[in-house]
Structures are given as C-alpha cells and as structure tokens.
Amino acid sequence: MSRLHISDTGLFVAMGQPSNSRYQAVRRFARRNDITFVLPARVYEELTVDDPDVEEVPVNAAIDEGWATVAAPLKFSEPIVSRVMDGIQRYIANADDRPADEVERADAALAALASQELSAGAATEVYIYTTDIAAGEGAETVLASEGYGDSVTFVNGFRFIEDLVAGDS
Amino acid sequence: MSRTSNRADGDIVQDFLSVADLLEEPQLAQLYAYLAREREATVQDVMDDLELAQGTAYSYVNRLVDAGVVDVTDDEQPRRYAAREIDLTVTTAAGDREYTITPALIDAVGRRETDADIDTYIGRHGVAGLATALTYAVARERGEVTHRLMADDLDISPLAAEMILQALRPVVYEHYDIEAAGASLEELDIDDDVSADDA
C-alpha cells in the first residue's frame, strides 16, 4: 500500500520559518513517518513568487532537507485528469456562485494530481493537505464520484499543524 | 448626552466618527477589541495585559469613553470599563452596496500592533483593503472561496492572499461561528510513532 501526501501552498505558509516550532514539528512528523510532501508545480510556483510584500517561504529548505518535492507536470492526456480538473472548478465555482471558467486551475491541481496517481496505481491512498476548505472538500467530493471516495482524505493544514505542535509539547 | 428611544441623527454621525477614529488608530482599536473580549476590565488590567504605561492606558481609555464606544460599568474605585457594541452599516447612495463595520474589523486593525503581516497589508492596501480581506477570510473558512480566487479578484499574488488570510484567521474564529472542516491528525490513520523520533 503506497501513500501519497500532496501539499497546498497554505501548509507551507502556516509552518513559518525553519526556526519556528511549527516548521520543526512538521519536519519531525515527515521524518519519523518517512513522508515526502509532494507539491504540484503550480503550488511550488506560488510559494516561490518574487513578491516584495511577503516574506519568503522556506519551501526550498524543505526540498533540500528531503521531505518535500515538486511533482512532474500533470498528464492532461489522461481523461481522468481533465475530468477531475473540470469537476473541481465546477465545485468551487458553485460554492461561491460564480462561473466555472473564473476558477483558478491551480485550485484543481491538487485533486488532479491525486486522480492521476490513483488511476495509474502509483498510489493507493492520498492525503491532501490544504488550508482552502473549498479545495479540500471539492477534492473529496469529485474523487468520490470517480470511485476513489475511500482513498482520499482532505487534511486541514491548520488543524494538522496545531495537533502536531500540541503533541510535541 | 441624552438618549431618546429613537436615536437622533447626530448620534449616528457621532458613532460613525468614533468608529473612524478607532480604525485610524491601531492602539485604540487594540484596546477596544481587548475590552470587548474581556467583557470588563480595570485600567490596571489594561496595563498588565497590553503592556501599556499607566499614563498611556488612562489616556486611551478616556478617549474611548469620550468617543462613546466604551462605558464605565462600575464607578467605584477601581473603575471598570466595558466596550459598547459597534454595529454600523454603511450604505452607498445608490443603495446597491453596503458594509457593516463590526468588532471583528476593529479587532483586525488592532492586531496591526502585534502582527507584521497585517501591518504590511494595511500599509499596502489601507484599512479599506483589510476590510475586504476580512470578508474573504470569513468566506474562506466557510469553504466558499479559496486564496487563489481572492488573489485573482484583487489582483495580488496568491502567496500574498494566503499570508493575509492566515493572519486574519484568528480574528475569524474569535468573532464568527465556524465549523471545523477536514481531517485532524488523529483521523489520518498514520501510525505516528513518536518514540522513533530522530530529532
């Protein structure tokens, strides 16, 4: 049984800097459970944007330390990947009463990556760590409609980190 | 100040001015939010909890009392103070848009003093921009919007959107009823063996 841990932007923002206890708690969790967080390419681009208004997020430090990695580009030629992308965009658009074509495709990249790896048999269980509830719940709903309801778990990034820090203290 | 059962127009304008003052001065906003949270406090409590000097604490409390947003609840020494509820809805002349200024916004502005992300955001987008961000922060915790939609709508980077949404999250949980969503660590079904910790 192989597990895939997909991380959204918010999880890395919520960890803070490497000197922070939240960052250290997630790193310890990853190491003792032999977990590597996989970031869709779009998520990695968001985290490493050159924006003078925001502090740099230490995602490259985590990659260098070996507990985070960037996923290969999505295979849109796989029908399930395109279907899931469309499904998530519809789900999020519906949650906010706006047209689906306005929804950022990066929101759908988390679930699309999950569907790609599940359908290829590369993973049997997927955890999606995000701070966007609409993206997390959308992923569970749309992947359930593809028959992967029991294989996908939306992990609330804030709750996950809070639980880890509380457990460490 | 006399009050009739129907509040005079002047009172409403006074409320508006008082709230505008609060939004312009983060120290006053922080103190108002503190009193709203504590229900009642003395100046000594204010000095201890907000780490203010005695003179500063008295001056801020008196300004809030003068502005009419804080009441003296017990006149015996030491006096106790409580925040009056603020719920001011501003409507455009055309009537097509309105915004309600709530204690949550005042709390968010007050956190500028202690939160670098909120301070940076106000510096860049103003208190008006922070009010918009707070609306998104509530909607995001309710699962209605994502940080990327906010970034698209406001033409800021998704990372900047995520940063301010995270900075405002404690304000959202303090002032709104939000149901917890998503799995917690215990529900992960990962046999997290803490004893094998290598750190």
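We name chains A, B, ... by the order of the sequence lines, and we start the count at 1 in each one.
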Tell me, out of [options], who's got the most heavy-atom pairs with chain B below 4.5 Å.
{"options": "A:Thr130, A:Asp8, A:Asp96, A:Val13", "value": "A:Val13"}
{"options": "A:Val54, A:Val155, A:Thr9, A:Thr131", "value": "A:Thr131"}
{"options": "A:Asp107, A:Asp163, A:Ile128", "value": "A:Asp107"}
{"options": "A:Phe160, A:Phe154, A:Phe158", "value": "A:Phe158"}

Identify which part of [X] has an atom lying under 4.5 Å from any heavy atom of chain B, answering side chain, backbone, both or neither.
{"X": "A:Ile35", "value": "side chain"}
{"X": "A:Thr153", "value": "side chain"}
{"X": "A:Asn94", "value": "neither"}
{"X": "A:Glu46", "value": "both"}
{"X": "A:Glu162", "value": "side chain"}
{"X": "A:Asp51", "value": "side chain"}

So A:Tyr129 and A:His5, would you call those rings parallel, tilted or perpendicular, with 30° and 60° as cut-offs?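 Taking A:His5 first and then A:Tyr129, their aromatic rings sit tilted (interplane angle of 30° to 60°).
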
Using side-chain heavy atoms (C-beta onward) and a distance below 4.5 Å, is B:Arg142 in contact with B:Ile178?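 Yes, close enough: below the 4.5 Å cut-off.
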
Given side chains that start at C-beta, do those of B:Leu64 and B:Leu28 come closer than 4.5 Å, heavy atoms only?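 A side-chain contact under 4.5 Å exists here.
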
Carefully, step by step, assess B:Arg111 and B:Asp107 under the rule salt bridge (Lys or Arg N to Asp or Glu O under 4.0 Å). CA-CA 6 Å; B:Arg111 290 181 196 229; B:Asp107 189 359; 3.0 Å; yes

Are B:Glu141 and B:Tyr173 close enough that a side-chain donor and a side-chain acceptor fall under 3.5 Å?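 Side chains of B:Glu141 and B:Tyr173: pair found under 3.5 Å.
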
Between B:Ser59 and B:Asn62, is any side-chain donor less than 3.5 angstrom from a side-chain acceptor?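 The criterion, which ignores hydrogens and geometry beyond distance, is not satisfied for B:Asn62 and B:Ser59.
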
Quick check for you: among [options], which has the greatest number of heavy-atom pairs under 4.5 Å with chain A?
{"options": "B:Asp153, B:Val145, B:Leu159", "value": "B:Leu159"}
{"options": "B:Gly143, B:Ala151, B:Ala139", "value": "B:Gly143"}
{"options": "B:Thr120, B:Ile156, B:Leu165, B:Asp152", "value": "B:Asp152"}

Ignoring hydrogens and angles, write down the donor-acceptor pairs under 3.5 Å from the side chains of residues 58-69 of chain A, residues two or more places apart or on other chains.
from, atom 1, to, atom 2, distance (Å)
A:Asn60, OD1, A:Tyr44, OH, 2.7
A:Glu65, OE1, A:Tyr23, OH, 3.1
A:Glu65, OE1, A:Arg27, NH1, 3.4
A:Glu65, OE1, A:Trp67, NE1, 2.8
A:Glu65, OE2, A:Arg27, NH1, 2.9

Would B:Ile106 and B:Leu52 show up in the same hydrophobic cluster when neighbours are defined by side-chain heavy atoms closer than 4.5 Å?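 Result: yes, single cluster for both.
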
Contact origin within B:Arg124 toward chain A - heavy atom pairs under 4.5 Å: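 For B:Arg124, the side chain is the part near chain A, not the backbone.
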
If you round to the nearest 0.5 Å, how far is CD of A:Glu117 from CG of A:Leu4?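 Interatomic distance, A:Leu4 CG to A:Glu117 CD, rounded to 0.5 Å: 6.0 Å.
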
